[in-house]
Amino acid sequence: MSFNARFVATLPAADLARAKAWYADKLGLNPSTEFPGGMNYTTPGGEFAIYETMFAGTAQKAATWMVEDFDAAVADLRARGVVFEEYDLPGLRTDEGVATDTDGFKAAWFKDSEGNIHGVVQSRPGM
């Protein structure tokens, strides 16, 4: 995977509507894009994503790598010995480490040496 990929901080939320309201009311921020299960924010200093999870407050996900060529990035990481996580949760199921939604959007997750979870996500228009 090319580490010229765009890096996005990733924050968990138990309730997306509540998180969206909080970021608007308290920080004056509105999502730059929204997608099923999450939203992206763009600020002059960078960007971050919020995703819905029942593990908010305890989630270990720390980073998302936005890639144009998802399949090539995953293949490159696998060739380097990266092992992708398998999930079977409500609304999220992976097959051979890759989750694909009904629109064909792909994502995969792996842990670094410290147990932090990184996501590799296919870039969408506007992301």
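Just so you know, residue 1 is the first one in the sequence shown, and it goes up from there. If you're wondering where the values come from, they're calculated on a predicted model, not measured in any experiment.
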For Leu16 against Gly38, the heavy-atom pair lying closest together
CD1-N, 3.5 Å
Stepwise, does the side-chain contact (heavy atoms from CB on, under 4.5 Å) test hold for Phe70 with Val98?
CA-CA 10 Å; Phe70 177 86; Val98 175; 3.7 Å; yes
Using ring centroids (six-membered ring only for Trp), state whether Trp109 and Tyr87 fall under 6.0 Å.
yes
Atom OG1 in Thr53, atom CG in Leu11: separation rounded to 0.5 Å?
12.5 Å
Without swapping roles, check the side chain of Thr100 against the backbone of Lys106 for a donor-acceptor pair under 3.5 Å.
no
Main chain of Ala13, side chain of Glu52: is a donor-acceptor contact present, judged purely on distance under 3.5 Å?
no
Please tell me whether Tyr23 and Phe48 form a close aromatic pair, meaning their ring centres lie under 6.0 Å apart.
yes
Where is the tightest heavy-atom contact between Trp65 and His118, given as atom of each residue plus distance?
NE1-ND1, 3.2 Å
Shortest non-hydrogen separation from Ala56 to Pro12 and the atoms involved:
CA-CB, 3.9 Å
Check against side-chain contact (heavy atoms from CB on, under 4.5 Å), Leu77 and Phe84
CA-CA 9 Å; Leu77 288 167; Phe84 289 92; 3.9 Å; yes
Exam field: side chain Asp15 to backbone Ala17, donor-acceptor pair closer than 3.5 Å:
yes
Rounded to the nearest 0.5 Å, how far does OG1 of Thr42 lie from CG of Leu29?
10.0 Å
Can you see which heavy atom on Asp95 is nearest to which on Glu86, and at what distance?
N-OE1, 4.1 Å
Minimum heavy-atom distance between Val120 and Phe110, given as atom pair plus value
CG2-CE2, 3.6 Å
Value rounded to 0.5 Å, distance of CG in Asp25 from CZ in Arg18
13.0 Å
Would you check, one step at a time, whether the test side-chain contact (heavy atoms from CB on, under 4.5 Å) holds for Phe35 with Asn40?
CA-CA 8 Å; Phe35 53 90; Asn40 292 322; 3.8 Å; yes
Measuring from Glu34:CD to Lys20:NZ, what's the distance to the nearest 0.5 Å?
3.5 Å
Distance col, row Ile117:CD1 vs Thr10:OG1, nearest 0.5 angstrom, shows 11.0 Å
What are the two closest non-hydrogen atoms of Gln122 and Gly104, and how far apart are they?
OE1-O, 3.6 Å
